[in-house]
2 protein chains.
Amino acid sequence: MIRSVLERVGDKWSVAVVCQLGESTYRFNELRRLVSPITQRMLSATLRGLERDGLVSRTVHPTSPPRVDYALTGRGRSLLVVLRDLAGWAEAHAEEIGSSRAEFDQREA
Amino acid sequence: MIRSVLERVGDKWSVAVVCQLGESTYRFNELRRLVSPITQRMLSATLRGLERDGLVSRTVHPTSPPRVDYALTGRGRSLLVVLRDLAGWAEAHAEEIGSSRAEFDQREA
DNA sequence: CCGCATCCAAAACGATACTG
DNA sequence: CAGTATCGTTTTGGATGCGG
């Protein structure tokens with residue numbers, strides 16, 4: 001069960017989308033541009049998954065042309081907090097991890 | 001760059017192995033049993049990835065039969081802290097996410 | 001503008017067999 | 001015991017075209 005929750009969190013696009021929606025609410029094609037280079041298909045699938053887990057809300061405005069807004073729910077915002085810690089860790093250690101990788105690859109070449 | 005670090009974190013087996021190594025140091029087949037049902041192939045690949053990033057150390061004892069111990073490095077332990085927060089969030093929200101999923105799946109059936 | 005359906009290539013994964 | 005190699009299967013992801 002917990003593993004199935006972590007699988008969603010572990011999805012690279014889900015993380016990117018949640019972080020982006022932390023900034024503001026967006027429309028479909030706005031998101032598409034912002035979390036580029038995500039494809040339409042993946043964005044669509046990602047949003048449906050996040051909506052299913054109650055992390056993102058989807059609001060359809062019955063106008064013409066149609067307009068759909070996506071936003072973080074309360075639960076989504078609580079995840080965002082944890083995610084930012086993780087992103088912080090990644091950023092803080094990115095450089096030294098890069099060195100480790102280079103060194104490691106060197107040794108076996 | 002940061003994304004490439006998050007990809008490792010996002011890997012379900014890497015997370016499981018790091019959490020397990022948080023308990024103690026282990027040998028290959030001990031790990032295999034503990035983070036089951038991981039396959040030999042996946043454990044091997046996961047450990048190499050973690051070692052490459054300097055998160056796990058690999059110590060070979062030249063005995064017969066051979067013995068190899070895996071342990072978290074300091075960097076690995078710093079990741080463990082963040083990972084535990086994440087796991088805590090997942091655990092805390094697992095139930096309500098389960099409900100959301102069931103409800104969502106209901107609506108479209 | 002939003003987003004689903006189809007087709008196709010590429011990569012991940014599991015099972016099994018084999019080596020030092 | 002601790003892995004590597006190979007094979008076949010399943011999953012994933014991108015490109016494209018169509019419909020509300």
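Worth knowing before you read on, the calculation uses all heavy atoms, side chains too, and leaves out hydrogens, waters and symmetry mates. Each chain gets a letter, A, B and so on, in the order its sequence line appears, and its residues count up from 1.
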- Query: Counting only side-chain N and O atoms of B/Arg27, is one of them less than 4.0 Å from OP1 or OP2 of D/dG3?
  - Reply: no
- Item | Whole-Å distance separating the CG atom of A/Leu43 from the P atom of C/dC2 | 10 Å
- Can you see which heavy atom on A/Ala90 is nearest to which on B/Leu6, and at what distance? CB-CD2, 4.1 Å
- Message: Strictly below 4.0 Å: does B/Tyr70 bring a side-chain N or O up to OP1 or OP2 of D/dG3?
- Response: yes
- Check whether any side-chain N or O of B/Ser44 sits under 4.0 Å from OP1 or OP2 of D/dG3, and answer yes or no. no
- Looking at C/dC4, C/dC1, D/dT4, which one has an atom nearest to any side-chain atom of B/Arg48? D/dT4
- Of the listed nucleotides D/dA2, D/dT4, C/dC1, the one nearest the side chain of A/Asn29: C/dC1
- Query: Between B/Ser57 and B/Thr73, which heavy-atom pair has the shortest distance, and what is it?
  - Reply: N-CG2, 3.8 Å
- Can you tell me if the side-chain N/O atoms of B/Arg67 get under 4.0 Å from OP1 or OP2 in D/dA2? no
- So what does A/Arg32 touch, heavy atoms closer than 4.0 Å: a base, only the sugar-phosphate, or nothing? nothing
- Message: From CZ of B/Arg8 over to P of C/dA12, roughly how many Å is that when rounded to an integer?
- Response: 12 Å
Polar pairs (N or O, both sides) under 3.5 Å between protein and nucleotides 13-17 of chain C?
none

